[in-house]
4 protein chains.
Amino acid sequence: MHTKTKKERIMYATLKLITEHGFHATPVSMIASEAGVGAGTIYRYFENKEAIINELYDVILKELHEATMANIPEIISVRDEFFLKWRNILNYFIEREYEGKFVSQYVASPFISRTVIYETERRNVHLRKLIERGIKLNEIRDVDYNTIAVYMWGTLKQLHYLHINKAIEITDELINDIYTVFWEGIRVHHDK
Amino acid sequence: MHTKTKKERIMYATLKLITEHGFHATPVSMIASEAGVGAGTIYRYFENKEAIINELYDVILKELHEATMANIPEIISVRDEFFLKWRNILNYFIEREYEGKFVSQYVASPFISRTVIYETERRNVHLRKLIERGIKLNEIRDVDYNTIAVYMWGTLKQLHYLHINKAIEITDELINDIYTVFWEGIRVHHDK
Amino acid sequence: MHTKTKKERIMYATLKLITEHGFHATPVSMIASEAGVGAGTIYRYFENKEAIINELYDVILKELHEATMANIPEIISVRDEFFLKWRNILNYFIEREYEGKFVSQYVASPFISRTVIYETERRNVHLRKLIERGIKLNEIRDVDYNTIAVYMWGTLKQLHYLHINKAIEITDELINDIYTVFWEGIRVHHDK
Amino acid sequence: MHTKTKKERIMYATLKLITEHGFHATPVSMIASEAGVGAGTIYRYFENKEAIINELYDVILKELHEATMANIPEIISVRDEFFLKWRNILNYFIEREYEGKFVSQYVASPFISRTVIYETERRNVHLRKLIERGIKLNEIRDVDYNTIAVYMWGTLKQLHYLHINKAIEITDELINDIYTVFWEGIRVHHDK
DNA sequence: CATGAATGAGGTTTCATTCAT
DNA sequence: GATGAATGAAACCTCATTCAT
């Protein structure tokens, strides 16, 4: 922990505490002591309390994007690329408990700005291209991007939601079941 | 507005303001003046500020349940029952702007309790039965309840999320597209 | 209880609750419900909350005075008259738990007025006469009234204080011991 | 005043104001401005308002104990030791107006705890020993500790009570009178 | 650069009192 | 007369932010 920079320690402390208690139930003083810095120090790195979570959101979304794109082979079927990316995101949310919960809370807050939405769009470009490829190759039906995006993100978020509230256990079987239904829903049925 | 009871006015004012500004950015004094009552009056009807939102959540979930079950004919195909209920929920979330946003925020907050999850389960019993019926009639594949529930709620929430953030426009076409993908994903393909 | 008038019920409820919780920890609403009347009703009988305790104090001091003078034979020695009155007061304080505690709190409060002191003086006139009689009869030493009054009231209050705080048990033996010391302290020693 | 620490200033302001107006008639804001600090500062030093008076009571009782034991020669008669200690306490109460009144109010409040009584007992050990010495030396009669303690404290408190309510003037003559009665009451009469 | 004591605005909540019924 | 719902002033307390060290 102490190998991190002060700024990183502040951000991580904020992430942890906000996730556990919520933004307004986490005083700056609590963040300071969790991070092992003076309260005033926080204001050297961030304009105010809100700026911490905004920067946190940026960093986490960047990480999430990297995690999403990781381990995707150059040559891969549309089906598998969908699956791998979908699993990458799910894994990130599940393995990075605080980050996952944080994002869920952040996007549900009334402070979410148009910018955030725009950024998300920008980061989803690769998904848009994947869909186009699938349609061109006649592997998935010619449905609107939004339709598919709703499926991908909707199931991801709901799985995560049930997971963090301990309503389900995420097993490989469940994962495969859900992905199969997803793929069956969008693929072209070549069988005659 | 003034035909409502004081308690209803307080609850509605809270719903509106919290949805717009968030729980902690909505002082009790603001709720009081929006509701047209004295600040102290609120404490005749609710133990404290938090109790308002808990009761709000209860009331809204009851309403949502009623809306879900409305207009479902006695005799109806599994496909159509799924569709009608799914649309009912979506309509409720979209038509009742404040209620919809409120629920989204509430379930994402770190205060969501096990009780909430349990209540949700209880209210989803009808969905469980519908799935059993579909499987027995060989209309949908024999998949786990959770798999289907994740689909239903995941797509609903994501559509709603994109809607309230003005990222998409919800058209009949989109609705049908999405539902078709959902149904194609779970139905049994009788074609040979 | 319900045979009493409303005013008496209000006063008794106040006496009980204030004694147990203190003046400011006893809301008028609590007094109302303990007395079995509406909160507004209290203001028909008393100008405000403070007026209740002032009237209570008056009533209790009147009662205390009557109790002090009770059962004193016409013809009685100075020693016995002292003793009987002293015991009468002690008994009143001990038997009437709420009244005793109330008076203790009231006289220690910063609101005690000169009037209260004056009233006390007035009610102690009989004690002054008793002392004069004792001196004239050469049964007690020629000491100042205040000296003896300090003794009487000081020991009484302290016994009561220790009693209500359960620091001592008031037995006949203790009573006699204390009174003996008192009497030995003021009597004329006729032995040569 | 400004040479004291902030904590001391807060405590002294509380002592003064509470003594004059009573605990509940003294808002924290009033204490803050009397002490010359911000309202929030008080909560850096004390958990809440009540904690101030509890700590005040502790400090004052420690001071009182020290004052009680001051200026007592190593070799001193039982009579004189009683007298000196009794006078020390009386002087403390009279000279330290606020402290004296504060203690009177505090011990009469309904919040006085068993702990307080226990503490008092502990601090009275020296008195217990003095009584034992007096009895062993056959200077005072073999009376119960409580009997004598009731006398000491009862007269002290009553003198103080009359003093702060301006009902008497405390003169050396009165002091001697009262002490003489006390001593006559407990000493062994060696004259035959 | 870093600190954390100090601040005071503003939060939630209580409660004496009023007044329409 | 009696009620108790309603009020809003004022209480206690928290905490984001500043600034002297």
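None of the values given here were measured: they were computed from a predicted structure. Within every chain, numbering begins at 1; the chains are lettered A, B, ... in the order of the sequence lines, protein sequences first and strands thereafter.
- Taking the ring-ring contact (aromatic ring centres under 6.0 Å, His included) definition, one finds that C/His21 meets it with nothing, sequence neighbours left out.
- Within residues 15-27 of chain C, no residue has any heavy atom closer than 4.0 Å to DNA chain F.
- Mapping B/Ala39 and A/Ala39 onto DNA chain E via the closest heavy atom, the residue that lands nearer the 5' end is A/Ala39.
- For C/Tyr106, the side-chain hydrogen bond (donor to acceptor under 3.5 Å, both in side chains) partners are C/Asn54, not counting sequence neighbours.
- You'll find the side chain of A/Thr14 reaches within 4.5 Å of the side chain of A/Leu56, heavy atoms only.
- DNA chain E is contacted by A/Arg44, A/Tyr45 of residues 44-59 of chain A, taking any non-hydrogen atom closer than 4.0 Å.
- With A/Lys16 as reference, A/Glu34 is the one residue of A/Glu99, A/Glu97, A/Glu34 to meet the salt bridge (charged side-chain N to carboxylate O under 4.0 Å, His left out) rule.
- Counting heavy atoms from C-beta on, the side chains of D/Thr120 and D/Val107 never come closer than 4.5 Å.
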Next item on the list: Verify side-chain contact (heavy atoms from CB on, under 4.5 Å) between B/Glu119 and B/Leu61, making sure each step is shown before the conclusion.
Entry: CA-CA 9 Å; B/Glu119 281 293 308; B/Leu61 245 62; 5.6 Å; no
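- Evaluation of the salt bridge (charged side-chain N to carboxylate O under 4.0 Å, His left out) test over residues 19-30 of chain A, restricted to residues two or more places apart or in two chains, returns none.
- At least one cation-pi condition fails for D/Lys6 and D/Tyr45: the charged atom is not both under 6.0 angstrom from the six-membered ring centre and inside a 45 degree cone around its axis.
- For DNA chain E, the outermost nucleotides in 5' to 3' order that have an atom under 4.0 Å from a heavy atom of chain D are E/dG4 to E/dG8.
- With DNA chain F read from its 5' end, the first of the two nearest nucleotides for D/Tyr43 and B/Ile42 is the one closest to B/Ile42.
- Taking the ring-ring contact (aromatic ring centres under 6.0 Å, His included) definition, one finds that B/Phe93 meets it with B/His160, sequence neighbours left out.
- For A/Glu66, the salt bridge (charged side-chain N to carboxylate O under 4.0 Å, His left out) criterion is met by no residue, not counting sequence neighbours.
- At the heavy-atom level, A/Val28 lies under 4.0 Å from base atoms of the strands shown.
- When each of C/Gly38 and D/Gly40 is assigned the nucleotide of DNA chain F with its nearest heavy atom, C/Gly38 is the one assigned upstream, toward the 5' end.
- A search for side-chain contact (heavy atoms from CB on, under 4.5 Å) contacts involving D/Pro110 returns C/Gln105, not counting sequence neighbours.
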Check: Where each pair must be Watson-Crick or G-U wobble with both distances under 3.5 Å, what dot-bracket representation of DNA chain E is obtained, with crossing pairs in [ ] and other-strand partners as |?
Finding: .||||||||||||||||||||
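- Note on residues 35-45 of chain A: no pairs pass salt bridge (charged side-chain N to carboxylate O under 4.0 Å, His left out), not counting sequence neighbours.
- Listed by first and then second residue, the salt bridge (charged side-chain N to carboxylate O under 4.0 Å, His left out) pairs involving residues 46-55 of chain D are D/Lys7-D/Glu55 (not counting sequence neighbours).
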